[in-house]
There are 2 protein chains.
Amino acid sequence: MSRASDRAYGAIRAHLLSGAVKAGEQLTEDQLAQITGVSRTPVREAVRRLEDELLLVRSDTKRLFVADWSRDDIEEMFTLRQMLECHAAERAAERLSREQIAALEQINRELKAAVELPAPDVARFLDANRVFHEVIIEAADSPRLGQLLGRLVEAPVVLRTARTYSQEDLRQSARDHDELVAAFAARDPDWARAVMGSHLRRAFHTFARAVGPAGSGSTQEIDAKDA
Amino acid sequence: MSRASDRAYGAIRAHLLSGAVKAGEQLTEDQLAQITGVSRTPVREAVRRLEDELLLVRSDTKRLFVADWSRDDIEEMFTLRQMLECHAAERAAERLSREQIAALEQINRELKAAVELPAPDVARFLDANRVFHEVIIEAADSPRLGQLLGRLVEAPVVLRTARTYSQEDLRQSARDHDELVAAFAARDPDWARAVMGSHLRRAFHTFARAVGPAGSGSTQEIDAKDA
DNA sequence: CGCGTGGTTATTGTATACAAAACGCTCCCG
DNA sequence: CGGGAGCGTTTTGTATACAATAACCACGCG
């Protein structure tokens, strides 16, 4: 995070997640350059990355908007993520070292601690959760798989501010992680895949509940994409 | 293809595919700016896209090289593509309009014509093949799926110059396409998925044969990736 | 003779000025 | 009253100059 474009990326991302801007709102490169304190050149580079991650979209005439995720978009994203991450879990089960499995157990202890504090600490939970999944993807040893998942995993965090997780949601998630570790320890790819599948599918429904029933969602028609 | 960065993208891509540069060779932005006739700014944008498509890679210190695809890289890529494109075939089977199915039949006639000329016209074959798969992905109606596949499908064409397809390879491919259309016409997602799976897996082995047995491949250790 | 060290060149990263394109407004005409 | 042409403003796209960083090479010291 030392080059200007990296700082710009982080700053813009934080700006989007802070909720200071609404979905569908237009942004300009100048604006973002001001906010981030660098010139438009690195801003344009950062914006490109955020477009890849689908946090920003461009209209047909190249104007820039904050992405708006409909319920269907979220389902699509989770479906793809499930497909890829189940594959990752399968491969990881055959490849994780003892040390990595121990690391996963440690991360999961941290995760459970975050859940059970007097009140759950959602930020800490999400951090631990992210690291947990990253270790698995790393162990899957498939660079392109990691690259594709990078695109998908980042996006829905935009919704986290809006979302209130119930403590029971978090506990179930922790149980999933425990079972995943058990599957890894048993070196059982099929088990790992199955657990990962249900884990992510449940996560989808947790998200979906927040955004409303199928068909509703906050669709604001930016007519994205030019191809 | 009207903006400078688009022209740069096309020119650089053509340059790579022409075989004028070898895998692992270093390129500089200035060089590419000269070749394409535009300044470095749009070149950098084009290069970014080509990095996404894995035709170019950067060393740990941001120097730019022509990507070198090992046999394992190719297998990984085909595995991911298979996973995603089987899913696309499944969805397409449930969504293709009569007109789209008719279009696929037409494309396939063109494809077979390209195979059977006095001598097979590989370029025409590949074009028709590409369009065929694009129609399916389009019909799958999942923008992010299309985006992810875009990354994967482009890459292996770098090898096409080296590869000599046997006429029998091409004929089998055409038969696969025919069966795919049959599965679509029958509105049978499982059938479509299965055919797509074997189609792509065979395609992988066709490619793999060209680059040599497992473990060999042309690996030249660019130590890509900075994460 | 090996190997670090300093300076030199090559290459990428950033800022800025300018060009092209898109938007929105007004005014005119039907 | 509606619609479209023209024009100023806003926004994105490109070129260029300069800054920062990495690679290269030669030299000197152990």
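To find a chain, count down the sequence lines: A is the first, B the second, and so on, and within it residues start at 1. For the numbers below, each heavy atom of this structure counts, side chains included, while hydrogens, waters and symmetry mates do not.
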Option passing side-chain contact (heavy atoms from CB on, under 4.5 Å) with A:L64 (candidates A:V47, A:T28, A:L50):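 Running side-chain contact (heavy atoms from CB on, under 4.5 Å) over A:V47, A:T28, A:L50 with A:L64 returns exactly one hit, A:V47.
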
Show every donor-acceptor pair shorter than 3.5 Å between a side-chain atom in residues 101-108 of chain B and any protein atom, with sequence neighbours excluded, or say none if there are none.
from	atom 1	to	atom 2	distance (Å)
B:Q106	OE1	B:R109	NE	3.3
B:Q106	OE1	B:R109	NH2	2.9
B:N108	ND2	B:D178	OD1	2.8

Using the salt bridge (Lys or Arg N to Asp or Glu O under 4.0 Å) criterion, which residues pair with [X]? Sequence neighbours excluded.
X	answer
A:E94	none
B:E76	A:R144
B:D127	B:R130
B:R124	B:E110

N-O pairing of A:D52 and B:R49 below 4.0 Å: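 Looking at A:D52 and B:R49, the cut-off is not met.
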
Partners meeting side-chain contact (heavy atoms from CB on, under 4.5 Å) with B:A67 (sequence neighbours left out):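 Applying side-chain contact (heavy atoms from CB on, under 4.5 Å) to B:A67 gives B:V57, B:W69.
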
Who pairs with B:S5 by side-chain contact (heavy atoms from CB on, under 4.5 Å), at least two apart in sequence or on another chain?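 With neighbours one apart ignored, the set is B:R3, B:P42, B:E45.
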
Which parts of nucleotides 16-23 of chain C does protein reach within less than 4.0 Å, heavy atoms only, written one letter per nucleotide 5' to 3' as B for base, S for sugar-phosphate only and - for none? B-----SS

Over how many whole Å does the gap from [X] atom [atom1] to [N] atom [atom2] extend?
X	N	atom1	atom2	result
A:K62	D:dT12	NZ	P	12 Å
B:L27	C:dT12	CG	C1'	14 Å
A:R3	C:dT14	CZ	C1'	11 Å
B:D6	D:dT14	CG	C1'	13 Å
A:F65	D:dT11	CZ	C1'	11 Å

Can you name the residues that form a ring pair (Phe, Tyr, Trp, His ring centres under 6.0 Å) with B:F125, not counting sequence neighbours?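 Expected list: none.
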
Please list residues of residues 28-38 of chain A whose heavy atoms come under 4.0 Å from any atom in DNA chain D, ordered by number; otherwise none.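 Result for residues 28-38 of chain A: A:T28, A:E29, sorted by number.
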
Give, ordered by number, those residues of residues 42-51 of chain A having at least one heavy-atom distance below 4.0 Å to an atom of DNA chain D; if nothing qualifies, reply none.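 The stretch gives A:R44 as the residues lying under 4.0 Å from the strand, ordered by number.
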
Sorted by first residue and then second, give each side chain to side chain donor-acceptor pair (under 3.5 Å) pair with at least one member in residues 82-93 of chain A; sequence neighbours left out.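 Found A:R81-A:E85, A:E85-A:H133, A:E90-A:R193.
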
